[in-house]
Amino acid sequence: MAEAPFTPRVFSGIQPSGNLHLGNYLGALKRFVDWQDRDVETIFCMVDMHAITVWQDPAALAHSTRELAAGFIAAGIDPEKSTLINQSQVPEHAQLAWIFNCVARMGWMGRMTQWKDKAGKNAEAASLGLFAYPALMAADILIYHATHVPVGEDQKQHIELTRDIAAKFNHDYGVEFFPLTEPVIEGAATRVMSLRDGTKKMSKSDPSDASRINMTDDADTIARKIRRAKTDPEPLPETYEGLKDRPDARNLVNIYAALSDRDVADVMAECGGQQFGQFKPALADLAVEKLAPISAEMARLMRDPGEIDRILARGAERARAISAPILDETYRIIGMVR
Ligand code: AQP
């Protein structure tokens, strides 16, 4: 457990790889805002160095990084309350990642589901960075001695690896220097599924735009995508358990619950027995009500990219006040001459 002497500190990140979507919002962004509003220090990050583990067009990467920053702010992250940064502007992430490349074992990395899914049968052609991704992620978290990381369910394995890396470092050097960070995976939408296939995660890289709601979609597009979401012919059951073998229907109920900040049992009590002809328009209205103001605010913020750059520069300065001493101490523990 991440116990004293570690002060509670929350860190999490999102890749600026375009197509920021409803899954990123419900599984991550919206929960970041909840954390910010508690009495705890919060650091949120655009992880551009993670994004380049697969090819990114340079102009698109710069655009997506600013757009993601706009997404954080439009969703409710206040850069005065939270430290908002772009990963490559805080070089200590990469510096600690190298140390962790030397702590993590090849076998650990090879077992990562994301590596297996993304590299697939073509692992020989995958970048070395894609393989080392979880060590960089451990560095992102531990360079701030972060104790809690809110993420979607797909990132659980990487946080467990972060704990393994911290424990091995502490053990090898006989210190209690890095905390054993807790993953925080909570809420009704820890795994938002594709609107076209309820057995597949909603994802930035799905070639079908209809599979996801993008945070930049306007009200009409959001409503249309929900109306066309895949469902089955049955009405909604009376209880959540009745959705066990109905992944598409369950996904829409989870989205409804998460967007309305209610638990799923509550939603079933209200909507059980409804046909999709009734439920989908209600969900579409709710999604438009919650998401359209965010996409409008993102568009407004994107009209002043200079201001976004200034916010990120200030964030980097604040972040480095924490990360630089932790890196220095890491080097000292290892025996690197300073
Ligand atoms: N479908 C999802 N449901 C709930 N949470 C999700 N997250 C991602 N997809 C869902 C959470 O969003 C945060 C940032 O994710 P990321 O951008 O760093 O990486 P990702 O998981 O690789 O995003 P994608 O959309 O799945 O990208 P591709 O298509 O490239 O694989 C994380 O907290 C993640 O859990």
Side-chain angles (χ1 to χ4, degrees), residues 1-2 11-17 23-24 27-28 45-56 61 87-88 91-146 148-175 177-185 190-194 197 199-207 327 330 333-334:
M1 282 212 311
F11 173 91
S12 199
I14 299 185
Q15 297 185 64
S17 40
N24 298 133
C45 189
M46 266 87 15
V47 287
D48 58 348
M49 295 195 298
H50 284 280
I52 62 160
T53 56
V54 296
W55 168 251
Q56 303 291 330
L61 178 65
Q87 188 183 31
S88 62
E92 288 80 12
H93 289 237
Q95 290 172 287
L96 186 62
W98 180 257
I99 310 281
F100 287 169
N101 282 344
C102 303
V103 174
R105 305 289 93 181
M106 296 284 283
W108 301 358
M109 312 301 265
R111 282 193 285 278
M112 293 296 108
T113 310
Q114 179 173 294
W115 159 253
K116 288 193 248 177
D117 287 350
K118 291 203 169 171
K121 292 195 177 72
N122 206 13
E124 291 283 311
S127 73
L128 183 55
L130 188 65
F131 189 68
Y133 182 118
L136 175 59
M137 180 163 159
D140 297 334
I141 295 165
L142 294 173
I143 196 64
Y144 302 107
H145 279 184
H148 296 81
V149 182
V151 279
E153 208 177 82
D154 57 324
Q155 290 298 329
K156 185 163 184 254
Q157 196 185 29
H158 287 164
I159 311 289
E160 280 160 5
L161 189 100
T162 298
R163 293 167 64 92
D164 290 342
I165 288 175
K168 181 162 163 52
F169 181 98
N170 289 345
H171 174 266
D172 289 354
Y173 292 101
V175 291
F177 186 60
F178 288 116
L180 302 191
T181 305
E182 299 285 345
V184 189
I185 301 169
T190 55
R191 191 171 175 83
V192 177
M193 309 309 275
S194 157
D197 177 353
T199 64
K200 266 174 53 188
K201 194 181 79 140
M202 185 178 285
S203 149
K204 297 187 187 108
S205 55
D206 193 316
L327 183 72
T330 310
I333 290 168
I334 291 174

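Starting from 1, each residue takes its place in the sequence as its number. What you see below is based on every heavy atom in this structure, not just the backbone, and it leaves out hydrogens, waters and symmetry mates.
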Q. Would a 4.5 Å heavy-atom cut-off, applied to side chains only, mark Phe178 and Leu96 as touching?
A. yes
Q.
Run the side chain to side chain contact (heavy atoms under 4.5 Å, CB included) test against Ile52 and tell me which residues pass, sequence neighbours left out.
A. Gln56, Leu61
Q: Report yes if the side chains of Val149 and Ser12 come closer than 4.5 Å at any heavy-atom pair, otherwise no.
A: yes
(Q) Is it the case that the side chain of Ser127 and the backbone of Thr53 share a donor-acceptor pair, with hydrogens and angles ignored and the cut-off at 3.5 Å? (A) yes
Please set out all donor-acceptor pairs under 3.5 angstrom arising from side-chain atoms of residues 97-117, sequence neighbours excluded.
residue : atom : partner : partner atom : Å
Arg105  : NE   : Val103  : O            : 3.1
Arg105  : NH2  : Cys102  : O            : 2.9
Arg105  : NH2  : Val103  : O            : 3.3
Thr113  : OG1  : Gln157  : OE1          : 3.0

**Q.** Pairwise side-chain contact, Leu142 with Phe169, heavy-atom cut-off 4.5 Å (strictly under)
**A.** no
(Q) Nearest 0.5 angstrom please: Leu161 CG to Ile165 CD1, how far? (A) 4.5 Å
(Q) According to side-chain hydrogen bond (donor to acceptor under 3.5 Å, both in side chains), who are the partners of His145, at least two apart in sequence or on a separate chain? (A) none
Identify each donor-acceptor pair in which a side-chain atom of residues 128-141 lies under 3.5 Å from a protein atom, sequence neighbours left out, and give them as a table.
residue : atom : partner : partner atom : Å
Tyr133  : OH   : Gln15   : NE2          : 3.1
Asp140  : OD1  : Gln87   : NE2          : 2.8
Asp140  : OD1  : His93   : ND1          : 2.8
Asp140  : OD2  : His50   : NE2          : 2.8
Asp140  : OD2  : Gln87   : NE2          : 3.3

Q) Can you name the closest pair of heavy atoms from Met202 and Gly23 and give their distance? A) SD-N, 3.7 Å
Q: Taking side chain to side chain contact (heavy atoms under 4.5 Å, CB included) as the test, write out the residues that go with Asp206, two or more places apart.
A: Ser194, Lys200, Ser208, Ser211, Arg212
**Q.** Approximate separation, where rounding is to 0.5 Å, of Ile143 CD1 and Glu92 CD
**A.** 6.0 Å
Q. In chain order, what residues pass the side-chain hydrogen bond (donor to acceptor under 3.5 Å, both in side chains) check against Asn170, with sequence neighbours excluded?
A. none
(Q) Which residues pass the side-chain hydrogen bond (donor to acceptor under 3.5 Å, both in side chains) test with Lys118, not counting sequence neighbours? (A) none
Q) Mind checking what makes salt bridge (charged side-chain N to carboxylate O under 4.0 Å, His left out) contact with Glu160, not counting sequence neighbours? A) Lys156
Q: Can you sort out the partners of Asp154 under side-chain hydrogen bond (donor to acceptor under 3.5 Å, both in side chains), two or more places apart, ordered by chain and number?
A: Lys201
Q. Any donor-acceptor pair under 3.5 Å linking the side chain of Thr181 with the backbone of Ala146?
A. yes
Q) Partners of Thr199 by side chain to side chain contact (heavy atoms under 4.5 Å, CB included), sequence neighbours excluded? A) Asp197, Pro247
Q: Determine the minimum heavy-atom distance between Pro16 and Met46, stating which atoms define it.
A: CD-C, 4.3 Å
